[in-house]
Amino acid sequence: MNTAARLRRAWIPLKYGVRSNTSSIQFMQYLQNLPGTQYTKLVNGLTIATEERESYNSCVALFVDAGSRYESSFENGITHFFEHIAFKSTRARVKPELEAQLEQVGARFKCFTTREMSVYYVECLCQDTPVATDLLTDCVFNNAFSHTEIENQKRTVYAEMLAHDNNPEAVAYDYLHSAAFQGTPLAATVMGPSANLYNFTDATICRYLSKCFDPCRTVLVAVGGVKHEQMVALANSYLCKLEPLKCMDIDAYRFSGSDVRFRDDSLPVAHVLAAVEAPSLIHDDYVVMEVARHIVGGWDRSQPGTAKTHYSQVVRMSDTFKTCDSYKAFYINYKDCGLWGVHFVGQSKQLDNMMGIVQDEFMYLCFCVTDTEVERAKNFYKSKILSKNESALGTCMDIGRWTLYNGYRPSLLQKMKAVDKVTVEDVRELCEKYLYDRCLAIAAVGQVEGLYDYSRYRARMYWLRT
Amino acid sequence: MSMWATLNRSVFKKTSTFFLAATLGTFFFERTFEVASVAIFESLNKGKLWNDIKHKYEH
Amino acid sequence: MTSVARAGHLAPYFKASSSVVSNGLKPTVVAYTAPEKVLVHPLPKTTTVQSLHGALPIQGLKAVAGGRGPSHVRFAHTDISYPDFTAYRRKETQDPTAKSSESVDARQSFTYLIAGAGGVAGAYAAKSVVTHFVSSMAAAADVLALAKIEIKLSEIPEGKSVTFKWRGKPLFIRHRTDNEISTEQSVPVESLRDPQHDNQRVQNPKWLVVIGVCTHLGCVPVANAGDFGGYYCPCHGSHYDASGRIRKGPAPLNLEVPQHSFVDEGTLVVG
């Protein structure tokens, strides 16, 4: 081959096995042919979103925009507490009857509460969907608030609090929120302080529900072998009695660069979280920051193979200098803000070194990240989206969360396209916007003596060489 | 005020531009400071300096 | 930074046992009402295990060892509330609903402006100090004052050569007549020992500025003497013309012309 062609080949780097922006035509067609999500809004404000699939199982979920964020300090923990009494007794069915019916359906009824939303869902067979929906809506919106139940559950919740305490990673994330969002409702923990258990009576719970469990803040999602009309009919029959209340809006947040450490040398390791403020779930920059997060990635010492030739310099450095046991980049997002950062676990003496490696990676993202890394991260992220949306449950969660915050959920095709559009310049520009010379929120739990001053880490968020 | 802040951000963000701005600022500051301080000195000592009484000795 | 406080932030919320009996109906009150008045008991005077354990919401959950009463009181991490740093915040972030990303540019620019101004002032101070000490090694003022000489040309009549002391050497300033000018300018350059045309030696033909040191062995020539109407060195008989060029005698070079300039019509600055 002549010199010109050879030079051209040397100048443009080869991409070994990393497919670039063009996904194959068949894949795009497949995505276009996927059944779309259908939305209906009832008169009382309730939104119903369904996605029909050719399957025999379905997942029905109730997403309520009520979490620890909307509780006052007096009520903190009440949404989580309500979870525990939700499936205990309703006004239509007393406890033994309800329990019998729940077991008879043969479905799994589950619930979880986060800072921003409360989700009650059931996975069942298609033919059981009406019954399951009936039970679900009855439990959530028709609760009996029985006094004995409440008192009994207080013991359970308290034990849960103590168990949560024994999980240093969960504690660290709680501390991160309480530090980063200090002074605002987002700082409150999901379970609330143990003393608040005194405050939970049927009157308080009832009042809180009437404040927050409002149809215009609720989404009923169904994914699986269910038809949209069927779900709308079900919703109309079970939920039309809900009156729309005045929707209150306490969406206040304020991110503060901060630092909190809980030193406990009896723990074998230290959990360190370092985060910056990041775009929310529905922000335009969200996709790019997710890609950036996957560039940083994660690793732990149990992964086979040699880390010395890993593509990520964080892994190579951590392995060479034995600075951490594991690390992973996280991106927690809410409807109006987010926390983007790295969580690592290590020994006290190596914490500062690891922070240095992590922050070098942050700066690298802002200025030197390459095409190949971005492509690899995009592929990673795309496969993650696809595998999450493979199951009815995953799709249900996705639809619910997006519909609650955004009004509609972008289809898989739109998501893939959005990821495809991300270029290396985008990553560099947005990382510079969110990471460069910005205040960190640091939370650390365990043997954290080796973690130095905050000002040291704040100073590493910029480079003097630029 | 916020426009002023975002404009300044374009100067202060990179260390190189910051340093350049500080260097240029030093030059202009030095010259201005000298002119200003000389003017103040001369105004405070009006009538006592050679320049003021020079005219009496020229012929 | 925050320090971990075990029970300092915990205000035991003791409430009377609930007196509201639920009748199972959803309350018809739709509007949000303020929470009930919370009875806050003051913290126990001593934070012993016994006094703290009374603050536990559930009495059954505590560790007992030795059978003599609770020895270990567990509170949760969630009981620790983050201290309030509002007093230390800047005005833009004091409001809990203020989004910090909106004011971050203004806040950082302010800080960097102060830092930049401090840097400018520091650079100026450093430069002043350094130049002060370095310039102490330079020439003293009296030496510098003698380095230049300013001469009023109106005081020198035509045809006369005046001598000044400059940098320790005699300086001849000659107000030349037109005759002398034309004579010197018409001298063939090739016939001179040190060939230089008159124009190369004077800026203004009316005024000749030369250093009065004979280039032979350093005596001072006498003005208006010699065979060529210029200067004559009595030591060894060197004759210079009205342009200071050597014509006859042992001297090898013309009289040196120092750097001079005519700042205005009547003033000559040499040096």
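Every chain is numbered from 1 and lettered A, B, ... according to where its sequence line falls, protein lines coming before strand lines. Computed from a predicted structure; not experimentally measured.
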[X] atom [atom1], over 12 foreign heavy atoms within 6.0 Å:
{"X": "B/Phe19", "atom1": "CZ", "value": "no"}
{"X": "C/Phe110", "atom1": "CZ", "value": "no"}
{"X": "B/Lys14", "atom1": "NZ", "value": "no"}

With under 30° as parallel and over 60° as perpendicular, where do the rings of C/Tyr112 and B/Phe12 fit, or are they tilted in between? tilted
Between C/Tyr124 and B/Thr26, which heavy-atom pair has the shortest distance, and what is it?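 That closest heavy-atom pairing would be N-CG2, 3.9 Å.
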Name the region of B/Phe27, side chain, backbone, both or neither, that has any atom closer than 4.5 Å to a heavy atom of chain C. neither
